[in-house]
Amino acid sequence: MSRPTISEVSALLADLADFRTRGAGSDAELMNRKADLLERIAAARPDDVEVAEVAATARARADELIAEG
């Protein structure tokens with residue numbers, strides 16, 4: 001699992017801002033991308049419990065939104 005790039009994080013942040021201001025895009029898709037990035041960060045920092053917890057919380061929320069579909 002590769003670490004996310006700055007451009008990936010930047011693109012996600014821009015899309016999140018766009019979603020908040022205009023409602024553009026899918027909330028489930030954005031949360032899934034966020035969870036993916038956080039999981040990749042956590043994989044790169046295996047000793048950081050807090051990062052792993054944040055990633056797990058994001059994944060759980062993404063899975064909820066996808067299930068609500």
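- Distance check: L13 CG to D18 CG gives 12.5 Å after rounding to the nearest 0.5 Å.
- In this structure, OG1 in T57 is found 9.5 Å from CG in L38, a value given to the nearest 0.5 Å.
- The two residues D27 and L65 come nearest to each other via the heavy atoms OD2-CD1, 3.7 Å.
- Distance CD/E39 to NZ/K34: 12.5 Å, rounded to 0.5 Å.
- Smallest separation of non-hydrogen atoms from P4 and L37: CB-CD2, 3.2 Å.
- Applying the side-chain hydrogen bond (donor to acceptor under 3.5 Å, both in side chains) rule to E64 yields the partners R61; only residues at least two apart in sequence or on another chain are considered.
- Scored by the side-chain hydrogen bond (donor to acceptor under 3.5 Å, both in side chains) test, T5 finds S7, E8 as partners (sequence neighbours excluded).
- With hydrogens and angles ignored, the 3.5 Å screen pairs no side-chain donor or acceptor of R3 with any backbone N or O of A44.
- For L12 against L30, the heavy-atom pair with the smallest separation is CD1-O, 3.9 Å.
- R33 pairs by the side-chain hydrogen bond (donor to acceptor under 3.5 Å, both in side chains) definition with D15, not counting sequence neighbours.
- Under a cut-off of 6.0 angstrom, the local environment of CD in E50 is sparse, with at most 12 non-hydrogen atoms contributed by other residues, nucleotides or ligands.
- With contacts defined as side-chain heavy-atom distances shorter than 4.5 Å, the pair R59/D36 qualifies.
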